[in-house]
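Whatever order the structure lists them in is the order used to number ligands and atoms, beginning at 1. Computation of the quantities below employed the complete heavy-atom set of this structure, encompassing side-chain atoms and omitting hydrogens, waters and symmetry-equivalent molecules.
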Amino acid sequence: MDEPRPTSNKSEDNDVHLHPSKGNTVKKKVILAVITAGALALTLGACSSTRTTTGSTSTSNKGALVGIAMPTQTSERWIKDGAAIKKDLEALGYKTDLEYANNDIPTQVQQIEAMITKKAKVLVIASIDGTALSSQLDEAAAAGIKVVAYDRLINGNKNVDYYTTFDNYKVGVQQATSLLTGLGILDASGAETGKKGPFNVELFAGSPDDNNATFFYNGAMDTLKKYLDNGTLVVKSGQTDFKTVATLRWDPATAQARMENLLAKSYSSGAKVQGVLSPYDGLSIGIISALTSAGYAKNALPIITGQDAEVGSVKSIIAGEQYSTVYKDTRKLGKEAVSIVDDLLNGKQPTVNDTKSYNNGKKIVPAFLLQSVVVTKDNYKQVLVDGGYYTEADLQ
Ligand code: GAL
C-alpha cells in the first residue's frame, strides 16, 4: 500500500506521560529536551568533518550505509516499519541494508555482524532478545558505529545511543482501560459506571525477552489492580504473574495453546471468560481461535484487547470479534528513526523527549516517545482510514 507520508508534526507528540520505575504517572509537558551529556563526538567510522564558510559542519556521510535489523516478517507491522525506514533513508541519499531475522536470535546476531563488516555507519535495531546483542554493540562502538534501538530497547549495554518508541507504559494503560470500557466497568469518558461484575478475565503478556512486554504489563496491571483487589475482576486460573502469563516471541500459537489450557482447566464447569487482556493482535488471533474451538460463538466472544492495528485484527474488530487494538503509527516511528539517523550522520544532536523512562541496566537511553491511540469499531474509520493508514478497501 502506498501510504501518504505526512510531514512529522513533533509538537503533536510532545505531551508525554513519563513513568518512573515505580509506575506512578507524572504527566509532564515535555520541552524538547536536548541531551547535553555525552556531547555528540561523532566519530562515525572514517568520516571526516570540515567546517564550511557558514560555520556549519559538513561531513562525508552522504551515501553512508545504514543497517536496519528487524525481528520478523511474520508480523505485518515489522514489514511496514522496515520498508518505511528503508524508503525514507534512501530518499535522503543513504544506502540501506534491511534484514529480517525470522525471530531467530543467532540470525539477527549474524546479520548485525555482517552490517558492521560492511562498514555501516548507523545501525537501527528492533531486537528479538533485548539482551542478546552486547558483543555486537561493543564491536559497533569500537568501529564508531552509532546504534539506534527501534521500538524495542536493547538492554545491558551502554552502547545504545538513542531509542525511539511509543509510550509503552501508557500502551498497557490503554489496553487495560479498553478492557474495562468493553466490560462496561468504565464509560467512554473513563468514569466508573458502578458495574461490579464479577467478570471473569484472563491475562496475557508479551515476550519476556522484549523490554516492552514488561512496560505493557505493568501499565495494564496498575490499571486493573483496583478491580482485581475489589473483586470486580476475577482471574479464575489464578495466573497473574508476568512470567506465567508471558508469551515467548509473541507467538500466536503459544497464546492459543495457553488459552485452550485455561479453558480446559478453569472453565470446564460452564463458567465463561468475559474478558482477555491481550497485548498484541497476533496473540489475540490465537486467543480467538482457542475460544471459538471451545464453542464460543463469534458474536459472543469475551472483550479482547490487542495492539498494532494489524489489518486482520482491524477486520476482526469491524466484525465484532476482537474488541480493541492499540494503534501505533509505524509511519511516524519510522520517520522518527530516520530523523535520528540523519541527525547523527550530519553531526547534529537528535531531538528527544524522554530522558527518564528507559534505563537499560547500564544507562538511561535518551528516547523519543510517540503516542498511541485505542481503536475500536467506533473510531477505526476516523483514526485508521481518515488518517491514511488503511483504505476502506484494505479492510474489506
Ligand atoms: C513489541 C511491539 C509491539 C508488537 C510486539 C510484537 O515489541 O512494541 O507493538 O509489535 O512487539 O511484534
- Message: Tell me whether K80 forms a cation-pi arrangement with Y389, defined as NZ or CZ under 6.0 Å from the six-membered ring centre and within 45 degrees of its axis.
- Response: yes
- Message: Within the 4.0 Å heavy-atom shell around D151, which atoms of ligand 1 are there?
- Response: 2 (C), 8 (O)
- Are any of the N/O atoms in Y280 less than 3.5 Å from those in ligand 1? no
- Within a distance under 4.0 Å of any heavy atom of D308, pick out the atoms of ligand 1 and give their elements. 3 (C), 4 (C), 9 (O), 10 (O)
- Is S75 close to ligand 1, meaning an N/O of one under 3.5 Å from an N/O of the other? no
- Query: Can you list the atoms of ligand 1 that are under 4.0 Å from a heavy atom of K328?
  - Reply: 2 (C), 3 (C), 8 (O), 9 (O)
- Which atoms from ligand 1 have a heavy atom of D210 less than 4.0 Å away? 1 (C), 7 (O), 11 (O)
- Query: Are Q108 and E99 side-chain neighbours, meaning at least one heavy-atom pair lies under 4.5 Å?
  - Reply: no
- Query: Side chain of N218, backbone of F215: donor and acceptor closer than 3.5 Å?
  - Reply: no
- Item | V171, portion touching ligand 1 at heavy-atom distance under 4.0 Å | neither
- Using distance alone, decide if ligand 1 has a nitrogen or oxygen within less than 3.5 Å of any nitrogen or oxygen in N168. no
- Would you call K328 and D151 a salt bridge, using N to O less than 4.0 angstrom? yes
- Message: Show the atoms of ligand 1 that are less than 4.0 angstrom away from any heavy atom in R152.
- Response: 1 (C), 5 (C), 6 (C), 7 (O), 11 (O), 12 (O)
- Query: Donor-acceptor pair, T117 side chain versus E113 backbone, under 3.5 Å?
  - Reply: yes
- Task: May I ask you to decide if G184's main-chain N or O and T193's side chain share a donor-acceptor pair within less than 3.5 Å?
- Result: yes
- Task: Please report the shortest heavy-atom distance between M115 and I68, naming the atom on each side.
- Result: CE-O, 3.6 Å
- For atom 12 (O) of ligand 1, state which one of F166, F216, W78 supplies the nearest heavy atom. W78
